[in-house]
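In what follows, a structure is listed as structure tokens, so that the remarks can point back to it.
Residue numbers begin at 1 in each chain, while the letters A, B, ... track the order of the sequences.
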There are 2 protein chains.
Amino acid sequence: MGKEVIDKSEMLSVRKKDDFLKWFREVIKFADMVDTRYGAKGFVVRKPWTMITTNIMYRMFDEEFCKYDHYPAMFPSVIPESNLSKEEEHVKGFSAEVFWITESGSNNTKFEERLALKPTGETAIYPMYAKWIRSYQDLPIKYYQSGTVFRCETKETRPFLREREFMWIEAHCAFATEKEAWEQTKVDQKITKAMLWDKIGLPFMIYKRPQWDKFAGAVDTFGCDVLLVNGRVNQVGSTHMLGTNFAKVFDIKYTDVDEKKKYVYQTCYGPGFSRIIASIICVHGDDKGLVYPFDLAPLQIVIVPIIFKGKEEIVMKSCENLCDKLKSKGFRVKIDSTDWSAGAKFYEWELKGVPLRIEIGPRDIENKQVVIVRRDTGKKSFVAEADILKTISSVEPEILVNLKKKAVDNVKGLIVDCSKFDDLKKSIVGGKIVRCGFCSIEMDGEKCADKIKDACGAEVRGTNEEKSEKVGKGVKCIVCGKDAKHVVYVARDY
Amino acid sequence: MGKEVIDKSEMLSVRKKDDFLKWFREVIKFADMVDTRYGAKGFVVRKPWTMITTNIMYRMFDEEFCKYDHYPAMFPSVIPESNLSKEEEHVKGFSAEVFWITESGSNNTKFEERLALKPTGETAIYPMYAKWIRSYQDLPIKYYQSGTVFRCETKETRPFLREREFMWIEAHCAFATEKEAWEQTKVDQKITKAMLWDKIGLPFMIYKRPQWDKFAGAVDTFGCDVLLVNGRVNQVGSTHMLGTNFAKVFDIKYTDVDEKKKYVYQTCYGPGFSRIIASIICVHGDDKGLVYPFDLAPLQIVIVPIIFKGKEEIVMKSCENLCDKLKSKGFRVKIDSTDWSAGAKFYEWELKGVPLRIEIGPRDIENKQVVIVRRDTGKKSFVAEADILKTISSVEPEILVNLKKKAVDNVKGLIVDCSKFDDLKKSIVGGKIVRCGFCSIEMDGEKCADKIKDACGAEVRGTNEEKSEKVGKGVKCIVCGKDAKHVVYVARDY
């Protein structure tokens, strides 16, 4: 029954830098994160190796939202067609991708009004805000919802990166004043940083999107792009200043202190959990597979008994004692007691990105020690039994520090400055992100952006929102040669 | 601007025992738990006062499932029609209530195959189990999913009790042996008890359901009914022994140690969160409104400043200091600093079921004390500033103990023994649950059950699953007069 070799079909066949997408597909399959054979195009099954981490992230976000007095609510997954269609720009942006529920039951009874499966929550939520908001004392309202939304993507779908049902949080705020709404867009960016960088170690940039690429119905959109080693970017969330656009359509007014009726100012914010998981895989993963940050790992510590004939019992006993001890301290830990070889076990848990592996063999027991191996560095240490907890506590934060450092090192030199269109093309094709002068991120710049897209498939991601970058004297638009109004970033995405 | 009176439309107009359903509707509306004006029949909006508690319950269940090695997974919200239709009994049970997604996009492009909005997960999950399970070493599989499911109810809908989209967890297990599957049904009952009774204080009974009332496609169903004071019962969850019924339809086989291919044995379990919330309202609530157990309360402590002219600042400062202190200890706490009168504030927070109210006025500050009022008992105590934390810690567990005691007292005498059909009718109409002899909970007993239903709208809920109850000598079926094979419970539900 002993399995001495690993099924070769489950070994990674490519290196990350040689064929990134193939590597990604293999990692999510062999690490048992997802199954794409569900039988409905663009819908995938998320397995525990994804969902344990997803649930941890939901809790982290819950806590962070709580700090800023956001409260959870739940609106239905369906939207009556008449509500969805109210905001003209908005419906234009989403109607092509709407799933329609038209009938029910075994007799296929048609509904009088079709129901849309929610592609995003605005048109479900704002008619209710109109009912709830009466006075300035009802403001601000800051509700968020966790769950899935549905978009019948016509482009090629891909697990975590582009799915027809994906996991996210959407937060919807309404304020009495425009100032508060703009401040909220900054708070959203703070939350993004506290999660993505501080806790998950993902390097990202926040861009003010060009007007032609903003959220349908918004005044302005701020997108958060995680930077990937191959120069691609992955939008993992975005914040939208909606101004009074939706308030006017859905008639969301309040009576102010001066007794006058006024429209509310609104913002919405959506961090995407499917895409954050994709980013964890892409940024921290390596040629051996996944690398989970310690706090997010479905399994934080795996104990591998090193079995020798006649010593099985004493080794297993020792593993169980340690496992119980670590469990009681709150760690997610298990013993791999399958009948695979030690080598096969090491391979599997490295592929699955378990941060720490502890090996215990007969000689370790004699020497009152264990072997601890870090997934992120591969470093192996002999640790005295008495020091195990202390060692884990000190290694735990080091892992995130190291992953952050690696992630930053990996994207160093990724952004290059260009002033000529040919250089831009070459740089993009060569896997870079380009910073350049650009005529305008208002609607009149769209033609130039289209030319970039046609030439190399890259998009104008927008201007640096975190740090204002002034246009140098005499700098021209990289496409049309007119005076540049903005410094923009150009990159390809997934 | 001061509001000296409460808007009368938001005051409870009935007592719980006088018009239970009206009281229920008013509580969920005035306590701001739910809004029924969403505009799609049977779909409601859950507000923070519901969702904070719901999220706490999800975490409690997560932890409990974890203890028994269940893992979270996520299957799509849609099911291809061909999968849904595979198990004949199952599809008969659900097809009348299925929402169908038939088309997408602005051009209403029809799908080749319709997609059902998931009414329950079996037919989404088991085709995948068939792909995943190969060897006895892959077993058991114990996955669960948190989220919503959809049933196009044709009966009257009612928030929390009967909705077209409701919140639950569904757990799906597959085992090598029948014995393990039966044991799992007992584990599910243990989880039910650990949550509903130990943590939430809801009195319930678990019944083995009659064969005509079991889950479509199951061998046996065990339903958990919470007992309500008016003799109604509320099924908040159920466990199903599926045997090999679904395994045969979906071809879920494993290769056993003896190299033979065998079907797996399956169970599923679904605690319903909408109905647990309904039970919290119905069981613990009183004529003043909601009463939340401390651990589940969206807000655990509300601090009400008692303002006197000229003393505003010192009172608010004192409230803020205490609030910060309690927050730092992890309590969900806030100050009610609105301009409503103290009386109006007391009324509102009692209606909303906040477990503890702390009042601070100028004289309290002078005396270095606060007033603490318990929602569950109404008891008011003066507590020295230095003793506040100690007092809260000691009151906290007392609240649940008291709520449990009250809940049990309220259902005392609710179950009555009957041996005559007329007595049964009278008892049911009088708001009791009836225990009686019954011919059979196999299919041949359905006719007698129908007669009960026709006579008084009550249902045979089944036999006591937690404690086997032998039929006494000479006991007859309360309907047909034949020898009784079972002692059953009869009750009306919502």
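If you tally non-hydrogen atom pairs under 4.5 Å between each of B/Ala73, B/Ala124, B/Pro76 and chain A, the highest count goes to B/Pro76. Chosen from B/Val98, B/Ile125, B/Thr54, B/Thr50, the residue pairing most often with chain A at heavy-atom distances under 4.5 Å is B/Val98. Heavy-atom pairs under 4.5 Å with chain B peak, among A/Ser95, A/Ser82, A/Cys152, at A/Ser95. Comparing A/Thr154, A/Asn108, A/Val34, A/Thr338 by how many heavy-atom pairs each has under 4.5 Å with chain B, the most go to A/Asn108. When each of A/Tyr143, A/Phe94, A/Tyr71, A/Phe111 is scored by its heavy-atom pairs under 4.5 Å with chain B, the top score falls to A/Tyr143. Heavy-atom pairs under 4.5 Å with chain B were tallied for A/Asn83, A/Ile52, A/Val78; the largest tally goes to A/Val78. When B/Ser77, B/Ala40, B/Gly39 are compared by the number of non-hydrogen pairs under 4.5 Å with chain A, B/Ser77 comes out ahead.
For a residue to count as touching a neighbouring chain, one of its non-hydrogen atoms must lie under 4.5 Å from one of that chain's; by this rule A/Glu165 touches chain B with the side chain only. For A/Pro127, no part lies under 4.5 angstrom from a heavy atom of chain B. Proximity to chain B (any heavy atom under 4.5 Å) is shown, for A/Trp49, by neither the backbone nor the side chain. Looking at B/Thr102, the atoms closer than 4.5 Å to chain A (heavy atoms on both sides) sit in the backbone and in the side chain alike. Looking at B/Val44, the atoms closer than 4.5 Å to chain A (heavy atoms on both sides) all sit in the backbone: N, CA, C or O.
Using a 4.5 Å heavy-atom cutoff, the side chains of A/Tyr38 and B/Ile79 are in contact. In this structure the side chain of B/Trp132 reaches within 4.5 angstrom of the side chain of A/Val45, judged on heavy atoms. Contact check for A/Arg59 versus B/Arg59: side-chain heavy atoms found under the 4.5 Å cut-off.
The backbone N or O of B/Gly105 lies less than 3.5 Å from a partner atom in the side chain of A/Trp100, making a donor-acceptor pair.
Contacts between residues 112-119 of chain B and chain A, counted as heavy-atom pairs separated by less than 4.5 Å, involve B/Arg114, B/Leu115, B/Leu117.
More than 12 heavy atoms of other residues, nucleotides or ligands lie within 6.0 Å of NZ in B/Lys110, so this atom counts as buried by the packing criterion.
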A/Lys334/B/Asp69 under salt bridge (Lys or Arg N to Asp or Glu O under 4.0 Å): CA gap, chis, key distance, verdict: CA-CA 11 Å; A/Lys334 74 172 227 176; B/Asp69 296 321; over 6 Å; no
